[in-house]
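What's counted below: heavy atoms across the whole structure, side chains too, no hydrogens, waters or symmetry copies.
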Amino acid sequence: MFRIRPIYDTTVPIDAQRVEQVQAILAERFPLIAAEEVRNLPATLKNPLSKGYRTIVFVAEGQRRVVQGFALLCHFSDLRFCYLDYLSVSLRHGGRGVGSALYERVREEARALGDTALFFECLPDDPALCRDPELLRENVARLRFYERYGARPIVNTAYETPLSPEDDCAPYLVADPLDKPFKLTRDRARHVVRAVLERKYKGKCSPQYVRMVLESIPPGPLALRSPRYVKESVPAKPTVISADRRIALVCNEKHSIHHVRERGYVESPVRMSSILREIERSGLFERREARHFSERHITQVHDRQFVSYFKTVCATLPEKKSVYPYVFPIRNATRPPKELAVRAGYYCIDTFTPLNGNAYAAARGAVDCGLTAAEEILAGRRLAYALVRPPGHHAERRAFGGFCYFNTAAVVAQRLCAHGRVAILDVDYHHGNGTQNIFYERSDVLTVSIHGHPSFAYPYFSGFADEIGEGPGYGFNRNYALPEKMDGERYAEVLRRALAFIADFEPAFLIVGLGLDPAKGDPTGTWDLQARNFLRNGKLIGSLGRHTLVVQEGGYRIRSLGVNAAAFFQGLFEGSQIARRR
């Protein structure tokens with residue numbers, strides 16, 4: 001068994017390790033390839049446009065994540081076409097359908113990038129062009145394989161002319177129409193051929209050779225060679241999204257144990273079911289089961305005494321009994337009350353976030369979901385979603401409140417920042433005071449929040465524009481505190497500014513605290529965003545092109561909650577595709 005997945009860069013360690021295996025297969029299967037080209041593959045991925053095209057590596061991973069085969073796809077974004085550079089299976093893993101699976105995934109990528117055809121070279125099956133009988137047999141087999149998919153050499157050009165008269169076996173230029181009628185005008189063909197010869201083979205093809213090939217392209221639409229080996233091509237598959245492109249979805253399955261059945265408490269279990277019902281219809285998600293993680297991940301961002309208290313008090317409370325903070329010892333915070341119920345106010349920022357027997361378990365489950373999603377990102381996934389409750393962004397280092405107990409986004413950021421810089425974008429209606437508090441003096445995690453101004457919006461004491469970080473974190477916190485009335489157009493303008501600020505930070509990872517409470521009619525907000533606005537916002541965020549992990553925060557208007565979430569993720573997915581086309 002194996003799975004196919006793309007590698008767009010070597011940001012995460014696992015991708016760097018897979019590229020090393022690809023380099024080994026390249027050297028093994030293509031001994032004549034220049035050692036420098038093999039050695040420079042990681043640098044090519046890191047600087048995608050240094051050669052005038054972007055390289056994407058597809059790997060077929062088997063057991064223990066051993067790379068069984070790979071494909072190298074070159075995307076010429078300015079001309080909107082893809083060129084397949086290599087497709088190979090390691091000597092140990094020949095056959096087994098690896099090559100077919102890789103080629104089918106490459107074809108899907110070419111379609112997603114908006115290309116009308118996939119181009120590549122293939123050595124000739126004509127004895128007049130290839131004098132080596134053994135090599136000729138291999139060429140025939142290879143062209144037979146591609147012909148099954150409708151890919152055949154372009155005829156009536158001089159592309160297969162050797163660079164020098166003594167050379168043998170110059171390649172055909174092959175085109176795969178990707179299950180569509182083949183349409184290639186002379187002008188379009190000249191652009192494609194010029195880009196391949198001058199960028200891909202820079203320094204190898206003389207200007208005279210390039211001119212000769214371009215002038216040989218006949219006027220009118222170009223044609224493919226008539227089928228030679230296959231009577232029926234592989235039937236086109238229904239349009240589906242490969243597993244590696246889907247958004248990893250991790251749900252807090254036991255979230256409903258935390259159910260405060262009191263009037264006005266809007267953070268209810270129906271929030272998750274409303275979102276889940278709508279997003280699963282899209283086909284964009286792949287469910288992943290949450291794993292259990294050590295408490296040390298929580299104590300890396302939360303005070304140990306606070307964590308211990310929270311765990312202890314929840315364990316002592318009887319079923320259906322809630323404790324609300326009502327005494328706040330601000331005058332002598334160094335001597336907390338001994339009685340657990342009274343001590344709640346020592347760690348809380350408000351009077352409406354209760355402690356009960358299941359609060360710790362539910363908050364711990366949310367953190368497990370966030371960390372599971374983080375592991376998906378570190379395994380090479382581009383997009384992941386931790387659909388959790390209770391939310392977390394109001395939970396500070398040593399305080400809970402605003403329905404929040406543990407700050408899942410902060411725990412996730414702490415996990416990811418060991419592998420590169422992290423940006424957290426909080427788009428909840430309410431300021432993410434907890435996230436700001438935890439990272440306020442750090443420069444490796446950028447915190448950005450778009451929210452209602454604290455003059456009228458919870459938490460009231462945090463989220464002002466002049467809060468920009470302290471010490472090493474000075475300049476690494478940004479608040480966009482917005483007015484009480486805000487429509488989708490004005491919000492998008494602010495979001496663009498926030499994303500430009502994040503882009504300048506050049507994070508390896510982006511965490512999005514997704515609040516759906518900017519929606520029109522939300523009982524905790526005053527703004528007027530609708531599904532079309534969430535769609536655009538998701539697209540703008542996805543267009544940033546980073547490994548992105550979304551953590552669910554607020555959003556309490558049940559009637560529109562699922563629709564708005566589905567719209568946001570549709571936009572996020574589309575935006576990520578736009579980023580790949582650049």
Give a yes or no on whether the backbone of [Y] and the side-chain of [X] come within a donor-acceptor separation of less than 3.5 Å.
X	Y	answer
Arg382	Ile7	no
Arg246	Ile241	yes
Asn47	Ser50	no
His431	Pro454	no
Ser100	Gly97	no
Gln21	Val67	yes
Trp527	Pro483	yes

(request) Decide, yes or no, whether a salt bridge links Glu278 with Arg281 under the criterion of side-chain N to carboxylate O below 4.0 Å. (result) yes
(message) Less than 4.0 angstrom from a charged side-chain N to a carboxylate O is my criterion; do Arg288 and Glu375 meet it?
(response) no
Close aromatic pair by centroid cut-off 6.0 Å: [X] and [Y]:
X	Y	value
His419	Phe509	no
Phe352	Phe403	yes
Tyr385	Phe569	yes
Tyr8	His75	no
Phe76	Tyr53	yes
Tyr103	Tyr149	yes
His302	Phe406	yes
Tyr458	Tyr429	no

(request) Using a 4.5 Å cut-off on heavy atoms from C-beta on, say whether the side chain of Asp428 contacts that of His393. (result) yes
(request) Report the C-alpha distance between Phe400 and Tyr405 in whole Å, list the side-chain angles of each, state the deciding distance to 0.1 Å, and finish with yes or no for ring-ring contact (aromatic ring centres under 6.0 Å, His included). (result) CA-CA 5 Å; Phe400 67 96; Tyr405 304 96; 5.7 Å; yes
(message) Cation-pi check for Phe501 against Arg478: NZ or CZ below 6.0 Å from the six-membered ring centre and within 45 degrees of the axis, yes or no?
(response) yes
(message) Ring of Phe505, cation from Arg421 - is the NZ or CZ under 6.0 Å from the centre and inside 45° of the axis?
(response) yes
